[in-house]
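Bear in mind the structure is a predicted one, so any value in this text is a computation, not a measurement.
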Amino acid sequence: KLMAETIQRHNLSETYVNGAPGANLFDKNNVHFDKYINYKFKLADAVGYVATNYIYISGQSKLTFKRITHHAFYDLSYTPIAFGTNSTLTTTTIDVPAGAAYIIFSFAHSDAFPLDSYMCNYGDSLAAFETYGGKLTLENIESNLADQISSVPYGKIVEGITPKNVLIR
């Protein structure tokens, strides 16, 4: 079953960890094995294929893939917009149709083409490979987080560790 409400880069604006999202849109841990997206906008069985869940791409004009065979675009309500296929097994750039907010894509993979090296990114050229996820570096971390704590809405801090140097009266 396709998962529409997974945490993706557009949800990151609702978190309080400061970081930069990575370039790779493909999460190898959030895929359907032996499936592809078909022209009816449904997942269908296909041994050796892998299909993504919904990936948020709103506001983008081009996407570049290391390899792609089928792709389906959806609007913000997950209503299908456009479907396409690609017969080449090389790097491919596709135009994002107007109104598209999500994409599901599929491709054939094998030992010769492992998921560990797959890359998909915004733009018209394939970026250097990086794993899926955000980048948390010293430059991305707020130095004065304490001043921002008072603005955190109730319920957003889920878990914390009590500091060792706390005076409790």
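Contact of the I94 side chain with the H71 side chain is registered, since non-hydrogen atoms from C-beta on lie closer than 4.5 Å. Residues N30 and T52 form no side-chain contact, since every pair of their non-hydrogen atoms from C-beta on lies 4.5 Å or further apart. Side-chain atoms of I55 and I104, non-hydrogen and from C-beta on, never get closer than 4.5 Å to each other. Counting only heavy atoms from C-beta outward, the side chains of K66 and S117 approach each other to under 4.5 Å. The shortest side-chain heavy-atom distance between S61 and V96 does not fall under the 4.5 Å cut-off. No side-chain heavy atom of H32 sits under 4.5 Å from any side-chain heavy atom of V50. Within the 4.5 Å cutoff, no side-chain heavy atoms of F26 are placed close to those of F65. Counting only heavy atoms from C-beta outward, the side chains of N121 and L126 approach each other to under 4.5 Å.
Taking the six-membered ring for Trp, F107 and Y118 have ring centres closer than 6.0 Å. The ring of F73 has its center no closer than 6.0 angstrom to the ring center of Y102.
Every residue two or more places apart in sequence or in another chain that forms a side-chain hydrogen bond (donor to acceptor under 3.5 Å, both in side chains) with N86 is listed here: T88, T92.
In terms of hydrophobic clustering, with Ile, Leu, Val, Met, Phe, Trp and Tyr side chains grouped at heavy-atom distances under 4.5 Å, L115 and M119 are assigned to different clusters. Residues F105 and F129 do not share a hydrophobic cluster, defined by chaining ILVMFWY side chains whose heavy atoms lie under 4.5 Å apart.
R67 contributes no side-chain N or O that, together with a main-chain N or O of T91, makes up a donor-acceptor pair within less than 3.5 Å. Side chain of T85 to backbone of T69: no donor-acceptor contact under 3.5 angstrom is found.
Atom CG of residue N29 and atom OH of residue Y132 lie 10.0 Å apart, to the nearest 0.5 angstrom. We find the CD1-OG1 distance between I68 and T90 to be 11.5 Å, quoted to the nearest 0.5 Å.
Checked for salt-bridge contact, D95 and K62 meet the test: a charged N lies under 4.0 Å from a carboxylate O.
The two residues I37 and A72 have their closest heavy-atom pair at CG1-CB, 3.8 Å. Here the closest heavy-atom approach between residue N24 and residue C120 is recorded as OD1-N, 3.2 Å. Here the shortest heavy-atom pairing between G48 and D34 reads N-OD1, 2.9 Å. D75 and A101 get closest at one heavy-atom pair: C-CB, 3.8 Å.
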TODO: In sequence, state the C-alpha distance, the side-chain angles, and the governing distance for Y74 and F41, and then conclude on side-chain contact (heavy atoms from CB on, under 4.5 Å).
DONE: CA-CA 9 Å; Y74 303 81; F41 299 90; 3.7 Å; yes

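The aromatic rings of H70 and Y36 sit tilted, their planes meeting at an angle between 30° and 60°.
No option in I103, L63, T64 other than L63 meets the side-chain contact (heavy atoms from CB on, under 4.5 Å) test with L25.
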